[in-house]
Amino acid sequence: MPELPEVETVRAGIEKHVVGRTVRAAEVLNPRAVRRDLAGPDGFAAAMAGRTFLRAERRGKYLWFALDDGSEALLAHLGMSGQLLVGDPDRPLSPHVRARFTFTDGGPDLRFTDQRTFGHLMLVPFASVTLPERAAADADPSACLVGPSIARLTGHAERQAGAARRSATLPPSAYSRLVPEPIRHIAPDPLEDAFDPEDFAARLARKKTQVKRALLDQSLISGIGNIYADEALWRAKLHWARPTDTLERGEVSRLLDAVRDVLTEALKAGGTSFDALYVNVNGESGYFDRSLNAYGREGEPCGRCATPIRRDSFMNRSSYSCPRCQK
DNA sequence: ATGAGGACCTGCTCGC
DNA sequence: TGCGAGCAGGTCCTCA
């Protein structure tokens, strides 16, 4: 499943193939792929035509392409099974292609493929406006000029004009710190500069929930899914059901180190698994089978103490842990 | 306000 | 051989 390392692999892989290119036509083959875009499939497709890809960016499991002057973005979430593939525009259309973008240069096209259709695409404005306004918005979310309710009611043309007007006040260097409006609530991920360990620890301490649930809470820390949550908890020797408000400071530090390590190592491995024109986010490829210590290893010996790994049911999914190392 | 759980979705595997 | 149940899980929505 695409978690942060897979999404970053896709972002880095796709960036060099699309940046600087202009969309000739967008085609939505399954309306569910753009279900969160209120312009609808036709509106989305029409609004994407003529857009130039400027940058490829990411936060947590979301990735986006800043378009044209950087005032709007094509936002993508890969869900459970999403892929972004670049290739010969004449190759056969697989049945799971949900959206397709061709380019004015006639070169390789971009396809959003998604078997389980949990992923989606949206054309959206950036959330923040000028830097002083950004500071105000951070202090008080309701102060954001482009709040969710406004964005939902506003059409593409108006959003476009508004975003362009606002972005005119921004120095180019500020763009990289902006995130698309629909993901304002997504916390920084542990691999970006904006991530603040102190803030994370403080917010974690205020929560009254289980530590694994907290790791999966994208508004607290982003980029972690079920697999890397289990792996990080195994490394940190923490039980998944441990109440967050009982964690000691040292344990939180250990957990954050484990999270960073597991994401970084997976990113290194994931970065080797695709070639030039085919960007693969298939969960089975590369590191998956080799370097997992807990996830999916029910009954197999723990790498530290040889106690069989246990599987528990949690949130309608599985949690894998060592009953001895992770009390 | 916050936390917990269900819905969404499709392909694969397993057991009868 | 065929079929249905179970499973996989990220995010949003609803309910308590």
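All heavy atoms count here, side chains included; hydrogens, waters and symmetry mates do not. We name chains A, B, ... by the order of the sequence lines, and we start the count at 1 in each one.
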Can you measure [X] atom [atom1] to [N] atom [atom2] for me and round it to whole angstrom units?
X        : N      : atom1 : atom2 : result
A:Arg59  : C:dG10 : CZ    : P     : 19 Å
A:Arg36  : B:dC9  : CZ    : P     : 11 Å
A:Asn226 : C:dA8  : CG    : C1'   : 9 Å
A:Tyr228 : C:dG10 : OH    : C1'   : 15 Å
A:Leu216 : B:dG3  : CG    : C1'   : 14 Å
A:Glu298 : C:dA8  : CD    : P     : 9 Å
A:Asp114 : C:dT11 : CG    : P     : 13 Å
A:Arg206 : B:dG3  : CZ    : P     : 11 Å

Using the six-membered ring wherever Trp is involved, compare the ring planes of A:His77 and A:His120 and label them parallel, tilted or perpendicular (cut-offs 30° and 60°).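 The arrangement is parallel - the two ring planes meet at less than 30°.
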Report, as yes or no, whether the 6.0 Å neighbourhood of atom CG on A:Asp105 holds more than 12 heavy atoms from other residues, nucleotides or ligands.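 Yes.
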Tell me whether the OP1 or OP2 atom of [N] has a side-chain N or O from [X] closer than 4.0 Å.
X        : N      : answer
A:Ser81  : B:dC9  : no
A:Gln218 : C:dT11 : yes
A:Ser318 : C:dA8  : yes
A:Arg213 : B:dA4  : yes
A:His77  : C:dT11 : yes

Using the side-chain heavy atoms of [X], tell me which of these nucleotides is nearest: [options].
X        : options               : result
A:Gln115 : C:dG10, B:dA4, B:dG11 : B:dG11
A:Phe118 : C:dG10, B:dT10, B:dA4 : C:dG10
A:Arg317 : B:dG3, C:dT11, B:dT10 : C:dT11
A:Lys207 : B:dC8, B:dG3, C:dT11  : B:dG3
A:Tyr62  : B:dG11, C:dC12, B:dC9 : C:dC12

Please say yes or no: joined through hydrophobic side-chain contacts below 4.5 Å, possibly via intermediate residues, are A:Leu123 and A:Ile14 part of one cluster?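 As far as the 4.5 Å side-chain criterion goes, A:Ile14 and A:Leu123 are connected within one cluster.
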Pair A:Glu265 + A:Arg235: basic N to acidic O under 4.0 Å: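 So A:Glu265 pairs with A:Arg235 through a salt bridge.
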Any Lys/Arg nitrogen of A:Glu251 or A:Arg242 sitting under 4.0 Å from an Asp/Glu carboxylate oxygen of the other?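 Yes, A:Glu251 and A:Arg242 are salt-bridged.
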Looking at A:Arg32, A:Arg98, A:His96, A:Arg35, which hits side chain to side chain donor-acceptor pair (under 3.5 Å) with A:Thr117?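 Per the side chain to side chain donor-acceptor pair (under 3.5 Å) rule, the option paired with A:Thr117 is A:Arg32, out of A:Arg32, A:Arg98, A:His96, A:Arg35.
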So which one's nearest nucleotide on DNA chain C is more toward 5', A:Ile224 or A:Arg116?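 Between the two, 5'-proximity favours A:Arg116.
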Could you tell me whether A:Arg35 contacts a base, only the sugar-phosphate backbone, or nothing, with contacts defined as non-hydrogen atoms closer than 4.0 Å?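 Answer is nothing: A:Arg35 stays at 4.0 Å or more from every strand.
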Students often get this wrong, so: under 4.0 angstrom with heavy atoms, is A:His120 touching a base, only sugar-phosphate, or nothing?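 The residue A:His120 makes no contact with any strand.
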On DNA chain B, nearest-nucleotide positions of A:Thr117 versus A:Gln210: which is more 5'?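 That would be A:Gln210.
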